[in-house]
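Please read these numbers as outputs of a predicted model, since none were measured by experiment.
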Amino acid sequence: IEKLPLRFFFKDSGLNYVLCSEAYARDWDMKPGELSGKSDRDLFSADVVEKLAAVEFEVVQTGRMEIAEEDRLVAGKEITVLAIRKPIINGTGSTLGLLGVLWDITEDKRLKASQERRIRELEGALSERVGQVESLRNELEAASAQHRQKEEASGRLRDELESGLAALREEIRGTTADFG
């Protein structure tokens, strides 16, 4: 059990520590036996003790397991743990105490936050590119519309010139025929 990357503790039904893993005791700069008989009041600030006691008493009284993320200050460093609390019940149905298992998920949470930040950055870059593509498409459509208008004007002018030239040719033929 000591080889697992977990901290664990067992508390009696009065929520006093009975035993804990070496990793959990190390968080408090103690040896596992030194935590025996202590309570959270000996380890945490009053506001943290209230929160933990409320959760742990509920687990002991309801007999239901509780799983939650918790931020903790350990050796001057803030960590995030996945805390699992489960009542320990004997064969007659009496609650003997509470088993707590803490899994340090600080690095996983940091990586997830980093990935989410990178996703937001990429989404922003993608949104910017989509905006640029939309802008270029609008410019292309405007340039195409101008080009079509110029082609239509050019076609009308060509038709007028051809019509004028045909009329001029006819007039010249008529005039040449009169001279002839």
Side-chain angles (χ1 to χ4, degrees), residues 1-9 21 23-24 26-27 40 43-56 58-59 62-87 98-180:
I1 290 177
E2 289 296 337
K3 301 292 183 204
L4 295 173
L6 304 171
R7 295 163 167 90
F8 72 89
F9 57 84
S21 65
Y24 189 74
R26 213 175 18 251
D27 288 347
D40 287 339
L43 305 174
F44 295 100
S45 64
D47 58 324
V48 173
V49 169
E50 277 184 48
K51 291 176 190 173
L52 291 176
V55 169
E56 291 179 353
E58 184 177 334
V59 168
T62 64
R64 288 195 311 261
M65 181 170 60
E66 195 263 357
I67 301 173
E69 273 188 27
E70 296 176 4
D71 292 321
R72 291 182 170 225
L73 192 60
V74 173
K77 181 176 151 187
E78 181 140 335
I79 66 168
T80 301
V81 295
L82 183 63
I84 303 167
R85 291 179 176 83
K86 181 173 182 6
L98 172 98
L99 175 65
V101 179
L102 307 176
W103 186 349
D104 186 349
I105 59 169
T106 308
E107 186 63 21
D108 295 336
K109 197 168 179 182
R110 187 192 65 76
L111 285 172
K112 183 179 178 186
S114 175
Q115 289 170 342
E116 288 172 352
R117 192 171 40 256
R118 183 66 180 142
I119 287 169
R120 283 192 302 277
E121 288 171 2
L122 291 172
E123 285 172 340
L126 178 61
S127 178
E128 185 178 322
R129 292 290 185 219
V130 167
Q132 290 172 344
V133 167
E134 285 293 319
S135 177
L136 288 172
R137 184 168 15 121
N138 291 339
E139 287 177 27
L140 180 61
E141 287 174 359
S144 293
Q146 286 178 343
H147 182 71
R148 278 192 303 277
Q149 288 174 345
K150 287 179 182 178
E151 279 185 339
E152 289 170 3
S154 174
R156 282 191 303 273
L157 185 58
R158 185 177 52 246
D159 290 346
E160 288 175 13
L161 284 173
E162 286 175 357
S163 165
L165 281 174
L168 188 58
R169 277 189 206 119
E170 282 302 312
E171 191 177 318
I172 290 175
R173 274 193 206 128
T175 306
T176 356
D178 287 343
F179 283 130

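- In this structure, Ile105 CD1 and Leu111 CG are separated by 11.5 Å, a value rounded to the nearest 0.5 Å.
- Screening residues 65-76 for salt bridge (Lys or Arg N to Asp or Glu O under 4.0 Å) gives Glu66-Arg85, Glu69-Lys109, Glu70-Arg72, Glu70-Arg85 as the qualifying pairs, with residues at least two apart or on separate chains.
- Residue pairs that meet the salt bridge (Lys or Arg N to Asp or Glu O under 4.0 Å) test with at least one member in residues 155-170, sequence neighbours left out, are Glu170-Arg173.
- One distance of note links CG of Asp108 with CH2 of Trp103; it measures 7.5 Å at 0.5 Å rounding.
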Q.
Let's go through Phe9 and Val101 carefully: what are the C-alpha distance in whole Å and the side-chain angles of both, what is the deciding distance for side-chain contact (heavy atoms from CB on, under 4.5 Å) to 0.1 Å, and is it a yes or a no?
A. CA-CA 7 Å; Phe9 57 84; Val101 179; over 6 Å; no
TODO: Applying side-chain contact (heavy atoms from CB on, under 4.5 Å), run through Leu82 and Ile67 and close with a yes or a no.
DONE: CA-CA 7 Å; Leu82 183 63; Ile67 301 173; 3.7 Å; yes
| said: Ile84 vs Met65, test: side-chain contact (heavy atoms from CB on, under 4.5 Å). Steps then yes/no. | reply: CA-CA 7 Å; Ile84 303 167; Met65 181 170 60; 3.7 Å; yes
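- Checked by atom type and distance alone, the side chain of Ser135 never pairs as donor or acceptor with a backbone atom of Gly131 at under 3.5 Å.
- Here the closest heavy-atom approach between residue Ala23 and residue Leu6 is recorded as CB-O, 3.9 Å.
- Atoms CD and OG, from Gln132 and Ser127 in turn, are 10.0 Å apart once rounded to the nearest 0.5 Å.
- Among pairs with a residue in residues 139-153, none fulfils salt bridge (Lys or Arg N to Asp or Glu O under 4.0 Å), at least two apart in sequence or across chains.
- When all heavy atoms of Thr80 and Thr106 are compared, the closest pair comes out as N-OG1, 2.8 Å.
- Counting non-hydrogen atoms of other residues, nucleotides and ligands closer than 6.0 Å to CD of Glu171 gives a total of 12 or fewer.
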Chi angles and distances behind the side-chain contact (heavy atoms from CB on, under 4.5 Å) call for Arg7, Asp27: CA-CA 9 Å; Arg7 295 163 167 90; Asp27 288 347; 2.3 Å; yes
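- Side chains of Gln115 and Arg118: no donor on one and acceptor on the other come within 3.5 Å.
- Counting only distance, with no hydrogens or angles, the side chain of Ser114 and the backbone of Arg110 share no donor-acceptor pair below 3.5 Å.
- Expressed to the nearest 0.5 Å, how far CD of Glu123 lies from CD of Glu121 amounts to 10.5 Å.
- To the nearest 0.5 angstrom, Leu136 atom CG is 10.5 Å from Arg129 atom CZ.
- Separation of atoms CG (Leu102) and OH (Tyr24) is listed at 6.0 Å; rounding is to 0.5 Å.
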